[in-house]
Amino acid sequence: MRSVQRTPWSWPGRPDPGLLRDVALVCLAGGVVGVSFGAIAVAGGLPVWVPVVMSLVVYAGSAQFSAVGVLLAGGGPVAAAATGLLLNTRTAAFSLAVAEHIGRSRLARLVGAHLVTDETVAFTLAQQDPARRRAAFWVSGIGLFTVWNACVAAGALAGGALGDTARYGLDAAFPAVLVALVLPALREDAGVRRAALAGTVLALALTPAVPAGVPVLAALAGLALHGRAPGKRKEPQS
């Protein structure tokens, strides 16, 4: 039989419609936040090019908001960069979780490392086999990167005319979609539930006392409880 060659990001046949739907929903939520970020940055007095270039080079929502907050509060570039770097350290752990699914070439790893976000990791690890995980990473990564940067540019060009879109409550769509993505793993693995619960409690306890973004990083400590007690795992079907 004639073998069919597949690209690293393709499924047999047409793309999974479920994944495309979920990615589209996350892109919609991310786009709203991106417009808000661009508008807030320019309305606060920053040039249009600052949020646009930051989104292309840094590409990390929470780190970008925090860095701009520092700049608008009168802090210098060094303080802003240090704040963003601290909040973005969590992606180092995320990168380890998806490294084998990005690809083996240097170019794939270089580009893929830049696309690692909370959302791409959630999409990737939600899949059941390596081929689907690689496809999920690249579909979600490219889609989110494109939408985020386009919407940040739109918000920056609009300036203060839009105001803060968070007042409409649309920013809640982002965490809500992430929760929906991780629910299957929580249902199937008791170890994941223990780790998630411990991380949530720790993050909530730290939220009033530390800067935004740090509780998420501290929540990774909950991983210490993963696998401590034997949990029932769903056996793969043959």
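- Expressed to the nearest 0.5 Å, how far CZ of Phe137 lies from CG of Leu125 amounts to 10.5 Å.
- Cluster annotation: Val23 is connected to Leu115 through the hydrophobic network of ILVMFWY side chains, with a link wherever side-chain heavy atoms come within less than 4.5 Å.
- In this model, no donor atom of one side chain and acceptor atom of the other lie less than 3.5 Å apart for Glu119 and Ser140.
- Hydrophobic cluster membership of Leu197, counting Ile, Leu, Val, Met, Phe, Trp and Tyr whose side-chain heavy atoms lie under 4.5 Å apart directly or via other members: Val201.
- Looking at Val68 and Met54, their side chains come closer than 4.5 Å, going by heavy atoms from C-beta outward.
- For the residue pair Ser55 and Val152, the shortest heavy atom distance occurs at OG-CG1, 3.2 Å.
- The OH atom of Tyr59 sits 8.0 Å away from the NE2 atom of His114 when rounded to the nearest 0.5 Å.
- From Leu202, atom CG reaches atom OG1 of Thr207 across 9.0 Å, with rounding to the nearest 0.5 Å.
- Looking at Thr120 and Thr117, their side chains come closer than 4.5 Å, going by heavy atoms from C-beta outward.
- Linking ILVMFWY residues whenever their side-chain heavy atoms come closer than 4.5 Å, directly or via other members, places Val116 and Leu19 in the same cluster.
- A heavy-atom distance below 4.5 Å is found between the side chains of Pro47 and Val50.
- In terms of hydrophobic clustering, with Ile, Leu, Val, Met, Phe, Trp and Tyr side chains grouped at heavy-atom distances under 4.5 Å, Leu56 and Leu144 are assigned to a common cluster.
- Taken to the nearest 0.5 Å, the CZ atom of Phe37 stands 13.0 Å off from the SG atom of Cys151.
- When the side chains of ILVMFWY residues are joined at heavy-atom separations under 4.5 Å, either directly or via intervening members, Val57 and Leu110 end up in two distinct hydrophobic clusters.
- Nearest approach of Pro51 to Ala156, heavy atoms of both residues: CG-CB, 3.9 Å.
- If you take CD on Glu100 and OG1 on Thr124, they are separated by 10.5 Å, rounding to the nearest 0.5 Å.
- The minimum heavy-atom distance linking Pro208 with Leu204 is given by the pair CD-O, 3.5 Å.
- Distance alone, capped at 3.5 Å, places no donor-acceptor pair between the Arg133 side chain and the His101 backbone.
- Two residues are said to be in side-chain contact when any heavy atoms from C-beta on lie closer than 4.5 Å; Phe123 and Val26 meet this criterion.
- Arg109 places a side-chain N or O within 3.5 Å of a backbone atom of Gly103 that can act as its donor or acceptor partner.
- Linking Ile, Leu, Val, Met, Phe, Trp and Tyr residues whenever their side-chain heavy atoms come within less than 4.5 Å places Leu46 and Ile40 in a single cluster.
- Atoms CD1 and CH2, on Ile102 and Trp138 in that order, are 6.5 Å from each other to the nearest 0.5 Å.
- A donor-acceptor pair is defined here as one N or O able to donate and one able to accept, closer than 3.5 Å; such a pair exists between the side chain of Thr146 and the backbone of Ile142.
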